[in-house]
*Asks:* 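Structure below; questions to follow.
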Amino acid sequence: MKLIIANWKMNKLEAEIKEYFSAFKPRNCNSEIVFCPPFTYLYLLSQLTPYKLGAQNCFYEDSGAFTGEISPKMLKDLGVSYVIVGHSERRNLFKESNSVIKRKVLKVLEHDMIPIICFGESVRTVTRENRLKEIRAQVRGFKSLIKRSVLAYEPVWAIGSGISPTQDDVLEVTRYILEIEKPLALVYGGSVSENNCKEFAEVTDGLLVGGASLNPLNFQRICEKIEEIRAV
Ligand code: 13P
């Protein structure tokens, strides 16, 4: 069974979401499908769909004077199962450090949800050694937590660019992670489309899909195509 995660990022309004789920009807899909809408629509999705819920971020305290933040305890209360932590957009735009990300991971685990820890090199042209070195620096601090987490390999340069690594590159990174520790699942993200999804899902446990998950029919085709892998 593959894990297919839709990260909608900061997109969609209520009416669009209702329309989305009247169109999204994957056939013969045995994968675990997780939707990560903006916080404000988690409740709507919990009422509207049978799919697992994921949050795109969280804070690392349960409650208190942290204006504007959302705690893992609140997410758990909403029925959330997964929380994305350390997405490159959070690392880069909001300057989240590995130590902040680690506090978030610990809090998510404390509330019996599954962290989806994102990592990946920032530049495409980096050498193999430097790529693995950068990845090592990102995941090293999480070593003891990896086996309770989903790891998402998302090369920063592949996100939203329409450019993606080769299957061999992804395989090399999955092997490298497995040498460190075996996560609950290791998924690939970064310009996943219906054309390349099978390639990446063949060498991982699943996918983290951004842009291509915003259109219900595109995302449905991705979910259906993944099934063909097992049929082979
Ligand atoms: P894209 O699929 O749009 O490249 O986004 C990937 C991503 O960041 C998912 O978390």
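Ligands are counted one by one from 1 in listed order, and the atoms in each one are counted from 1 as well.
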*Asks:* Looking only at heavy atoms, what is the nearest atom pair of Gln220 and Arg27, with distance?
*Replies:* NE2-NH2, 3.7 Å
*Asks:* Which of the atoms in ligand 1, numbered in the order shown and given with their element, are less than 4.0 Å from a heavy-atom of Ala158?
*Replies:* 4 (O)
*Asks:* Check the surroundings of atom CD in Glu19: do more than 12 heavy atoms from other residues, nucleotides or ligands lie under 6.0 Å from it?
*Replies:* no
*Asks:* Can you tell me the protein heavy atom closest to atom 5 (O) of ligand 1 and the distance?
*Replies:* Lys9 NZ, 3.3 Å
*Asks:* For a quick test of reading the model, state the closest non-hydrogen atom pair linking Pro183 to Ser149 and the distance between them.
*Replies:* CB-O, 3.4 Å
*Asks:* Identify the two heavy atoms, one from Cys58 and one from Val85, that lie closest to each other, and give their separation to 0.1 Å.
*Replies:* SG-CG1, 4.3 Å
*Asks:* Judging by distance only, is a nitrogen or oxygen of His87 under 3.5 angstrom from one on ligand 1?
*Replies:* yes
*Asks:* Is it the side chain (CB and beyond), the backbone, both or neither of Ser88 that lies under 4.0 Å from ligand 1, heavy atoms counted?
*Replies:* neither
*Asks:* Would you call Lys52 and Glu32 a salt bridge, taking side-chain N to carboxylate O under 4.0 Å as the test?
*Replies:* yes
*Asks:* For Gly190, state whether at least one heavy atom is located under 4.0 Å from any atom of ligand 1.
*Replies:* yes
*Asks:* With a cut-off of 4.0 Å, which atoms of ligand 1 are near a heavy atom of Asn7?
*Replies:* 9 (C), 10 (O)
*Asks:* Mind checking whether Ile159 contacts ligand 1 via backbone (N, CA, C, O), side chain (CB onward), both or neither, at a 4.0 Å heavy-atom cut-off?
*Replies:* both
*Asks:* Are the aromatic rings of Tyr153 and Tyr176 close, with centres under 6.0 Å apart?
*Replies:* no
*Asks:* Would you call Glu61 and Arg103 a salt bridge, taking side-chain N to carboxylate O under 4.0 Å as the test?
*Replies:* yes
*Asks:* Considering distance alone, does some N or O of Val209 sit under 3.5 Å from an N or O of ligand 1?
*Replies:* no
*Asks:* Does atom OH (Tyr43) have a neighbourhood of more than 12 heavy atoms from anything else shown, all under 6.0 Å?
*Replies:* no
*Asks:* Closest non-hydrogen protein atom to atom 6 (C) of ligand 1, residue and atom name please, with distance?
*Replies:* Glu154 OE2, 3.5 Å
*Asks:* Which protein heavy atom lies closest to atom 2 (O) of ligand 1, and at what distance to 0.1 Å?
*Replies:* Gly210 N, 2.9 Å
*Asks:* Note the single closest protein heavy atom to atom 3 (O) of ligand 1, along with its residue, its atom name and the distance in Å.
*Replies:* Gly211 N, 2.8 Å
*Asks:* Give a yes/no on ligand 1: does Gly189 have at least one heavy atom closer than 4.0 angstrom to it?
*Replies:* no
*Asks:* Quick check on Ser213 - does any of its heavy atoms sit under 4.0 Å from an atom of ligand 1?
*Replies:* no
*Asks:* Ignoring hydrogens and angles, state whether a donor on the side chain of Trp8 or Gln56 is under 3.5 Å from an acceptor on the partner side chain.
*Replies:* no
